[in-house]
Amino acid sequence: MPPSHLSHWGLLITGDPLIYGADASIVLATVAIIFVLTKYKKWGWLWREWLTTVDHKKIGIMYLIAAVLMLFRAGVDAELMRTQLALPNLHVLGPEHYDQIFTTHGTIMLLFMAMPFIFALMNIAVPLQIGARDVAFPFLNAISFWVFFFAAMLLNISFVIGGSPDAGWTSYAPLAGAGFDTGPGENFYLLSLQITGIGSLATGINFLATIFKMRAPGMKLMKMPLFTWSIVATSILIIYAFPALTVVLTLLLIDRIAGAHFFTIAAGGNPMMYINMFWIWGHPEVYILILPAFGVFSEIAATFSRKAVFGYKSMVFSLLLISLISYFVWAHHFFTMGAGAGVNSFFAVASMLVGIPTGVKIFNWLFTMFHGRIRIKMPMLWMLAFIPCFTMGGMTGVMLAAAPADYQYHNSYFLIAHFHQVLIGGTLFGMLAAMYYWWPKMFGFMLNEYWGKWAFWLFNIGFYVCFEPQYILGLMGMQRRMYTYPKGMGWTDLNFISTIGAYIMGIGFLVLVWDIVYSIKYGERDLTGDPWDGRTLEWSLPSPAPHYNFAVIPTITHRDHWWELKQTGRQDELKIHEQDIRPIHMPKNSGKPFLIGLSFFVVGWGFVFEWYILAVLGLLAIFVMMFMRSAEQHPDYHIPVEEVVHTETALGRL
Amino acid sequence: MRQRKKAKRAAAYLAVSAGAALLLSGCGSQYQVLDPAGPVAKTELHLIVMSALLMLIVIIPVLILFFYILYRYRDKPNNTAPYEPNHQDSKVLEIVWWGIPILIVAILGAYTIKTTFILTKPPTNTTPITVEVTSMDWKWLFQYPGSHIATVNYLDVPVGVPIQFVLTSNAPMNSFWVPRLGGQEYTMPGMAMRLWLQASYPGKYYGHGANFTGRGFSHTTFYVYAKPMPQFKQWVQSVKASAKPLTMTEYKKLNVPGIVGNLTFSSYPKNVFYNTVMNDGGKYMSSTMDSMMAIGKKASTSNMSGMPGMSNTSGSSK
């Protein structure tokens, strides 16, 4: 049965009102953007200030914008799925369409929403927290962003051109192989993940180098803020996990476009190898997504309880322990694949072990609040929502880890409910908490609390209404990835409730966006640079920080250095004196990262449609740009003292 | 010793019924996982309830503590609760909350390992029967090597007899799941995997593919009809007498992607299951396949109408 929708006259997909709607919205949005940029003569500004920037703060902001857009896109997928499942035997979406949508929902949420959201926070906060002027490799950092961006575009465009992938976000062979899945959809998946994977790997290396080599003097490892520690753990996970993904995607791509048989068992390949390799990346990936959120919560719990983090050493140790154990649990994604009892026992117990350091972290957060003074501002509100939600998700996680019990949960809605509870209750709540927390540092104004609370409550209530019924649906035998279900199974009521919950979450998201729009216009300005009475170094800087971050690099004597200085009335130690200012060595902006990203898009496109000449041209362009970069004599410059003095004076810091 | 075992069992049953009552609220069999109809599903439910209870031991205090702390330490002007901004270390507390989860994981881990090994063996000592399962796009073919009949999208099994399902796929990977009888296992091309299930009561049990296989996946439903042995034998007889045979042509037609209803066949081409597995690879499964071959031969040579047992009851024959 050909799943392809290629019409006879070209690549555009025809015959579906949803796709026409998407076509229209893409065209309209593009026209609107071009119109606004042209009318207000902003093309030059866009190129100089954003497309060519190597400033980690601006790259962070671009990641954030992309993440919120992708949250919208994949959220629409979710709403469509829930609409289709609201009642039995509905035909809002046909099976082909539903399969595409659940595939892109998962792929985008994990790889093109959660990952860039995390990269946004890393970029925004890490250099400021450790007293650095940028990341270790600013040019590479820009490449990471642009390859991610163009990979996201590649995946998104598949909806209207060529057809989206439809074998699930895990894309198991042989279903995703050329034998069962013709058409370019699956190629879009492989290429876009491959390309964004390059960016992710580079980001991991970049931040590990940044944190290890660029800390301000005096900031020993055990004096680092816990968010920075969480990024150490995350970067290590990225560096060791992503190569497995790169390899497995490449092998499947070779299977698909060159007729190899790595994963066709009939020709000596082995599809189980795909599943193993996918999850050797996939499970550490789960912790790549959650550890930064843990870091965020540690910062927020301490700041908004006006109290040092409880058990700092334990917190660091548990972060590292989680990342270590996460390499030994991948097979719990397929207990039912028939490995022996010994293998299943090993992976079951290893998976349960993750619960130990995670549980310790929960206790430590609770005792950070204990004997503190809890201020419930927006970031703290999201943190407080996280604790019960994630605890319940953790509970069902340990239940799933019991291998024989998993035989009954596997691929059912019980599993769906579990991982949404940890990924939304953990990662997404963490990202939103962090967005509210660092927003003033990024933009110089606060997000509105009134609308923020509306968004918060709608999203939270919606979450429980949407996902708790799904646990029960799983126990009632409902499988994931069914595009419809019959009457008489007893699934109708709970599905209907779940759909209502999804709509409430959707409204919550819209209110969140409204909160941002409203605050851009009316948001309270942050003139102090320290709106939350913060503890770490970034709050000693003006909001937003000047592009060189620190006019003079501070010397660190304490964990929570800024808080310590404030407590002892020594803020003046960070005051800048004109005679201390030296010319600041900074990287120059460059258009090459953008062009390299664009070239990767061309390469991806070429491979997706097997237009190899195009792919080769794209690769050539990349090599040419890399060569030109290597040949550049002066990729850097010095900001003269006068300019720094001028900037600092304007900021009222001198 | 016996008393302790009894007490343990009583506690387990209490736990099961408490857990079940919590979720069932009188609706019964629709909560399929919580309403086991066979020993395998029952064992798995024990583990489910046990793990849930063990987790609740941690979760409930955490939640209580969380709400208490939140209430007690709010930043209000005349809050009398102690405020210690530098209270950040306590060896005793840290040992407590590293210790408790370790203890719980140890208990749950041990119980999990025990259950994992138990479930690789047939649930009871009665002579088992074998059913060969082939998942296709998008249907299920069941072959009874003992009586040489075949069905599509439904199967009859005798009550109180362990069934050894041997699973493969002639299409993308699927997963064979009958929630009320027990947990699932993948069906994979080129592989022959084993899963023990058994029905304790007569009834009609819902089954479904649990691993996504493309467009028709939502329609990969099948039903298991458990009936007492005499009725089962009768059914086998009537199938042999009245149904038409599954020819090779028909088999190939069946394997074309599509959706079909229930079908019944009085016989099937010799070794078609074995060949399916071998054609799709099968080399990784040589030991299992040898024993499969043996069953196939035995069935075809003796041409029995009754219930041949299997010599090897667990794992591979080598």
Side-chain angles (χ1 to χ4, degrees), chain A residues 1 3 95-96 99 168 172 174-175 180 265-266 271 306-312 314 336-338 341 344-345 348-349 352-353 355-356 359-360 362-363 366-367 369-375 384 387-388 391 395 398-399 402-405 407-408 410-411 475-477 479 481-484 490, chain B residues 30-34 44 47-48 51-52 55 58-59 62-63 65-66 69-70 73-75 82-89 93-94 97-98 101-102 105 108-109 112-113 115-117 119-120 172-173 175 179 183-186 189-190 193 206 208 210-215 217-218 257 280-281:
Chain A
M1 196 157 304
E96 299 90 349
D99 297 348
Y172 279 0
L175 179 63
F180 291 105
I265 205 164
R306 295 184 197 278
K307 195 164 159 284
V309 163
F310 194 88
Y312 176 91
S314 234
T336 57
M337 204 162 78
N344 276 4
S345 297
V349 173
M352 290 173 192
L353 288 179
I356 297 170
V360 167
I362 299 265
F363 281 115
L366 287 180
F367 274 78
M369 299 194 288
F370 182 74
H371 284 196
R373 279 292 175 271
I374 301 168
R375 291 174 296 155
L384 293 173
I387 289 188
T391 308
M395 160 173 169
V398 173
M399 290 170 69
Y407 277 50
Q408 287 283 35
H410 187 58
N411 277 344
L475 297 176
M476 293 174 90
Q479 294 85 14
R481 294 176 174 171
M482 299 175 91
Y483 83 98
T484 189
Chain B
Q30 289 196 323
Y31 298 85
Q32 304 191 39
V33 172
L34 304 180
E44 284 161 348
L47 184 60
I48 289 172
S51 60
M55 290 314 291
V58 194
I59 304 303
V62 165
L63 292 180
L65 197 62
F66 169 71
I69 290 175
L70 188 55
Y73 297 99
R74 282 291 292 275
D75 188 23
Y83 173 52
E84 298 177 81
N86 292 319
H87 170 245
Q88 49 178 304
D89 273 311
L93 285 174
E94 294 256 13
W97 57 65
W98 277 95
I102 289 175
V105 166
L108 185 58
T112 299
I113 293 172
T115 312
T116 307
F117 279 89
L119 289 179
T120 57
M173 184 173 106
S175 191
Q184 65 195 282
E185 185 133 309
Y186 286 169
M193 320 252 288
Y206 170 83
H208 200 284
N211 194 69
F212 179 64
T213 52
R215 262 177 61 123
F217 168 69
S218 305
D280 277 334

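Protein chains get the first letters and strands the later ones, always in sequence-line order, with residue 1 at the start of each.
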Okay, side chain of [X], backbone of [Y]: is any donor-acceptor separation there less than 3.5 Å?
{"X": "A/N411", "Y": "B/A210", "answer": "yes"}
{"X": "B/S218", "Y": "A/Y483", "answer": "yes"}
{"X": "A/Q408", "Y": "B/P179", "answer": "yes"}

Give the minimum heavy-atom separation between [X] and [Y], together with the two atoms involved.
{"X": "A/M399", "Y": "B/A52", "value": "CE-CB, 3.8 Å"}
{"X": "B/G214", "Y": "A/D99", "value": "C-OD2, 3.7 Å"}
{"X": "B/D89", "Y": "A/G311", "value": "OD1-CA, 4.0 Å"}

B/E185/A/T336 under side chain to side chain donor-acceptor pair (under 3.5 Å): CA gap, chis, key distance, verdict: CA-CA 5 Å; B/E185 185 133 309; A/T336 57; over 6 Å; no
Side-chain contact, heavy-atom cut-off 4.5 Å: [X] with [Y]?
{"X": "B/V33", "Y": "A/M476", "value": "no"}
{"X": "B/F66", "Y": "A/L384", "value": "yes"}
{"X": "B/R74", "Y": "A/R373", "value": "no"}
{"X": "B/I69", "Y": "A/L366", "value": "yes"}
{"X": "A/S345", "Y": "B/T112", "value": "no"}
{"X": "B/D75", "Y": "A/R306", "value": "yes"}
{"X": "B/L93", "Y": "A/F370", "value": "no"}

Check ion pair B/E84-A/K307 (N to O, under 4.0 angstrom):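 Salt bridge absent between B/E84 and A/K307.
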Most chain B-contacting option - heavy-atom pairs closer than 4.5 Å, from [options]:
{"options": "A/P95, A/G490, A/P404", "answer": "A/P404"}
{"options": "A/A403, A/G355, A/P388, A/P174", "answer": "A/P388"}
{"options": "A/R481, A/Q479, A/M482", "answer": "A/Q479"}
{"options": "A/A405, A/G372, A/G338", "answer": "A/G372"}

[X] versus chain A, heavy atoms under 4.5 Å apart: side chain, backbone, both or neither?
{"X": "B/T213", "value": "backbone"}
{"X": "B/F212", "value": "both"}
{"X": "B/L70", "value": "both"}
{"X": "B/Y206", "value": "side chain"}

Pairs of heavy atoms under 4.5 Å with chain A: top-ranked of B/L63, B/L119, B/L108: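 Counting heavy-atom pairs under 4.5 Å, the top option is B/L108.
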Point-to-point distance, once rounded to the nearest 0.5 Å, from CG of A/N344 to OG1 of B/T116: 6.5 Å
Near-ring test B/H87/A/F310, centroid separation under 6.0 angstrom: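 A/F310 vs B/H87: aromatic centres under 6.0 Å.
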Measure distances from [X] to the heavy atoms of chain B and classify the residue's part below 4.5 Å as side chain, backbone, both or neither.
{"X": "A/A402", "result": "both"}
{"X": "A/V360", "result": "both"}
{"X": "A/Y172", "result": "side chain"}
{"X": "A/L175", "result": "both"}

Non-neighbouring partners of A/I356 that pass side-chain contact (heavy atoms from CB on, under 4.5 Å), sequence neighbours left out: A/L353, B/W98, B/P101, B/I102, B/V105
Residues in side chain to side chain donor-acceptor pair (under 3.5 Å) contact with B/S175, at least two apart in sequence or another chain: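 Only B/Q184 meet the side chain to side chain donor-acceptor pair (under 3.5 Å) criterion with B/S175.
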Audit row: B/Y73, A/H371, ring pair (Phe, Tyr, Trp, His ring centres under 6.0 Å) steps and yes/no: CA-CA 6 Å; B/Y73 297 99; A/H371 284 196; 5.5 Å; yes
Mutual orientation of the aromatic rings belonging to A/H410 and B/Y186 [parallel < 30°, tilted 30-60°, perpendicular > 60°]: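 It falls in the tilted class, 30° to 60°.
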